[in-house]
Amino acid sequence: QVQLAESGGGLVQAGGSLRLSCASSGRTFSGYDMGWFRQAPGKEREFVAVITSWGGSTYFADSVKGRFTISRDNAKKVVYLQMNSLKPEDTAVYYCAAKGRSGTYYRDISYDDWGQGTQVTVSS
């Protein structure tokens, strides 16, 4: 089990950038695939991005591909989501999650541990 805490959310104008961070207090952070999900008001939580345990692979939702990047620092136990060219439709609460077992990376039920979320608001 890992404890996760997101930070870096805020209010930004369309076209701007934000970098979200997710810090872990777990001892085995490097063994987890780390994902980012988001949930907009009135909508279901949706997959955004994932990075595999040793950073060898990354996957993105089509809606953010080419605009967002995901990275991790296993020594610092932190995963980042760099968000560029933000759009109003990116407005949501963003959650990081840890996946320590097999399962489809874009399904939230595959993840065991979640942070509390950080609000991202993009104004037009």
Side-chain angles (χ1 to χ4, degrees):
Q1 185 177 6
V2 294
Q3 288 75 48
L4 304 171
E6 303 92 339
S7 61
L11 174 64
V12 64
Q13 288 188 331
S17 298
L18 282 175
R19 188 177 80 157
L20 305 184
S21 299
C22 174
S24 168
S25 60
R27 293 187 299 172
T28 57
F29 175 79
S30 60
Y32 290 86
D33 297 341
M34 296 299 298
W36 286 95
F37 289 75
R38 67 187 182 185
Q39 188 167 22
K43 295 187 177 181
E44 293 186 353
R45 187 163 55 189
E46 64 174 0
F47 168 76
V48 175
V50 65
I51 185 167
T52 55
S53 57
W54 289 100
S57 297
T58 59
Y59 302 93
F60 297 90
D62 288 343
S63 59
V64 307
K65 203 171 292 182
R67 300 188 297 123
F68 291 12
T69 58
I70 187 171
S71 60
R72 66 191 296 163
D73 185 330
N74 284 341
K76 295 182 178 179
K77 299 181 182 179
V78 180
V79 60
Y80 304 99
L81 185 69
Q82 178 67 44
M83 307 185 295
N84 299 327
S85 303
L86 283 162
K87 304 175 181 180
E89 50 263 45
D90 294 318
T91 295
V93 176
Y94 283 71
Y95 300 89
C96 69
K99 175 176 169 296
R101 52 185 169 83
S102 61
T104 306
Y105 65 83
Y106 54 83
R107 299 186 68 189
D108 56 5
I109 61 172
S110 298
Y111 293 77
D112 300 305
D113 301 294
W114 293 81
Q116 293 300 307
T118 185
Q119 176 71 47
V120 171
T121 303
V122 184
S123 63
S124 58

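Looking only at side-chain heavy atoms (C-beta outward), Thr58 and Val50 stay at 4.5 Å or farther from each other. Under the 4.5 Å side-chain criterion, counting only non-hydrogen atoms from C-beta, Ser21 is in contact with Tyr80. The closest side-chain heavy-atom distance from Met34 to Ser71 is not below 4.5 Å. Side-chain contact check for Trp36 versus Phe68: every heavy-atom pair is 4.5 Å or farther apart. You'll find the side chain of Ile51 stays beyond 4.5 Å of the side chain of Tyr59, heavy atoms only. With contacts defined as side-chain heavy-atom distances shorter than 4.5 Å, the pair Met83/Ser17 does not qualify. For the pair Asn74/Phe29, a side-chain contact is recorded, criterion being any heavy-atom separation below 4.5 Å from C-beta on. With a 4.5 Å cut-off on side-chain heavy atoms, Ile70 and Val79 count as touching.
Salt bridge annotation for Asp62-Lys65: present, with a cationic side-chain nitrogen under 4.0 angstrom from a carboxylate oxygen.
Ring to ring, Phe37 and Phe47 are close: their centroids are under 6.0 angstrom apart.
Judged purely by distance below 3.5 Å, without hydrogens or angles, the side chains of Arg38 and Tyr94 pair a donor atom with an acceptor atom.
When the side chains of ILVMFWY residues are joined at heavy-atom separations under 4.5 Å, either directly or via intervening members, Tyr106 and Tyr95 end up in a single hydrophobic cluster. By the criterion of side-chain heavy atoms lying less than 4.5 angstrom apart, applied directly or through intervening Ile, Leu, Val, Met, Phe, Trp or Tyr residues, Val78 is not grouped with Leu18; the two fall into different hydrophobic clusters.
Annotation: salt bridge (charged side-chain N to carboxylate O under 4.0 Å, His left out) contacts of Asp113 (sequence neighbours excluded): none.
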Atom pairs and distances, donor-acceptor, side-chain atoms in residues 117-124, under 3.5 Å, two or more places apart:
| residue | atom | partner | partner atom | Å |
| --- | --- | --- | --- | --- |
| Thr118 | OG1 | Gly9 | N | 3.2 |
| Gln119 | NE2 | Ala92 | O | 3.4 |
| Gln119 | NE2 | Thr121 | OG1 | 3.3 |

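For the atom pair SG of Cys22 and CZ of Arg72, the computed distance is 10.0 Å after rounding to the nearest 0.5 Å. Interatomic distance, Leu81 CG to Thr69 OG1, rounded to the nearest 0.5 Å: 7.0 Å. Atom-to-atom distance recorded for Leu4:CG and Ser25:OG is 7.5 Å, nearest 0.5 angstrom.
Residues in residues 4-15 take part in no salt bridge (charged side-chain N to carboxylate O under 4.0 Å, His left out) pair, two or more places apart or across chains.
Nearest heavy atom pair, residue Gly35 against residue Tyr111, reads N-CE2, 3.8 Å. Minimum interatomic distance between Gln82 and Asn84 (heavy atoms only, all atoms of both residues): NE2-OD1, 2.9 Å. Between Tyr32 and Ala98 the shortest heavy-atom distance is CD2-CB, 3.7 Å.
Relative to the six-membered ring of Phe60, Arg67 misses at least one condition, a distance below 6.0 Å or an angle of at most 45° to the axis.
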Between Asp108 and Trp114, does the side-chain contact (heavy atoms from CB on, under 4.5 Å) criterion hold? Intermediate values first, please. CA-CA 10 Å; Asp108 56 5; Trp114 293 81; 3.6 Å; yes
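With hydrogens and angles ignored, the 3.5 Å screen pairs no side-chain donor or acceptor of Ser24 with any backbone N or O of Val2.
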